[in-house]
Structures are given as structure tokens and as C-alpha cells.
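Residues take their numbers from the sequence shown, with the count starting at 1. All values below come from the heavy atoms of this structure, side chains included, with hydrogens, waters and symmetry mates left out.
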Amino acid sequence: PSDYGYATSGGTDRNSCLDTEMYNWNSYGNCYNNDWLFDENNWQWTMSPNALSSNASSVFSVRRDGYVGDVYASNSLAVRPVVYLNSNVEIYDGEGTKENNFKLRVG
């Protein structure tokens with residue numbers, strides 16, 4: 001879920017969003033509405049299992065209201081891969097598709 005957290009611009013105050021527990025983000029539209037990974041039309045899985053759960057198939061999810069919680073991996077949710085680029089890394093080729101992957105380089 002950290003990729004989701006760091007993807008926010010936070011509107012006018014990103015630091016407040018980063019200081020807020022993500023399970024409380026649904027109370028702060030400023031955080032999730034300014035997050036490029038947020039999708040108000042779909043619940044999404046993260047790639048992180050919920051190690052605190054007694055169920056081995058529990059993963060973290062992001063709901064349509066911005067809430068981050070856990071869900072069983074057997075549920076049908078949207079999944080989207082993500083990569084965070086430092087400012088010195090650039091995409092120099094590719095379309096980001098399965099057939100034509102992005103190519104990255106340090107610029």
C-alpha cells in the first residue's frame with residue numbers, strides 16, 4: 001500500500017497525507033482524490049499480503065472511497081502494476097504494453 005500512499009500530491013498539503021494512516025484516508029478526500037493511483041470506479045488489490053491477518057490469503061486493498069484495508073485475495077478486484085521513478089530515471093522507449101514494454105534509463 002505504500003505505492004498508493006506515496007502517489008498522492010495531497011492537493012495543497014502532501015505532508016499531512018503522508019502523516020495520516022492510510023486506513024483513515026477515506027476521511028480525507030484531499031489525500032485520495034489527489035492520488036494518481038486512486039480509482040473511484042474500482043476496488044483494487046495491492047501486492048502486499050496483510051501479515052497481521054490470520055488468513056494467508058488476505059491482502060491490502062484500496063476501496064472506491066479511498067479506504068485502505070484488507071480483503072481476501074479470492075475476491076475479484078482491479079489490479080494495476082506500478083513503478084515509482086526517481087527524478088533522474090526516465091522512460092526512453094516503449095508503450096508500456098505487454099508487447100512493447102517501457103525501457104528505462106538513468107538520465
task: Run through the side-chain heavy atoms of Ile, Leu, Val, Met, Phe, Trp and Tyr, join any pair under 4.5 Å, and report what else lands in Tyr28's cluster.
output: none
field: Least distance between heavy atoms, Tyr4 atom then Val68 atom
entry: CE2-CG2, 3.4 Å
task: For Asn100, check side-chain contact (heavy atoms from CB on, under 4.5 Å) against everything at least two apart and list the hits.
output: Glu95, Thr97, Lys103
- request: Looking only at non-hydrogen atoms, find the nearest pair between Gly10 and Asn34 and report the distance.
  value: N-CB, 3.7 Å
- line: In terms of heavy-atom contacts, Cys31 and Trp25 come closest through CB-CD2, 3.6 Å
- line: d(Asn30 CG, Arg14 CZ) to nearest 0.5 Å is 12.0 Å
query: Which residues satisfy the side-chain contact (heavy atoms from CB on, under 4.5 Å) test with Asn33, sequence neighbours excluded?
result: Phe38
task: List in chain and number order the residues that pass salt bridge (charged side-chain N to carboxylate O under 4.0 Å, His left out) with Asp65, two or more places apart in sequence or in another chain; answer none if no residue qualifies.
output: Arg63
field: Residues which pass side-chain contact (heavy atoms from CB on, under 4.5 Å) with Asn101, listed by chain and number, not counting sequence neighbours
entry: none
Nearest-0.5 Å distance, OH of residue Tyr67 to CH2 of residue Trp43: 9.0 Å
message: Tell me whether Glu21 at atom CD has more than 12 heavy atoms from other residues, nucleotides or ligands lying less than 6.0 Å away.
response: yes
message: With clusters defined by side-chain heavy atoms of hydrophobic residues (ILVMFWY) lying less than 4.5 Å apart, directly or transitively, does Trp36 cluster with Tyr32?
response: yes
field: Least distance between heavy atoms, Leu104 atom then Val89 atom
entry: CB-CG1, 4.2 Å
field: Test side-chain contact (heavy atoms from CB on, under 4.5 Å) applied to Val62 and Leu37, step by step
entry: CA-CA 10 Å; Val62 179; Leu37 286 176; over 6 Å; no
message: The criterion is side-chain contact (heavy atoms from CB on, under 4.5 Å); which residues satisfy it with Asn15, sequence neighbours excluded?
response: Asp13, Leu18
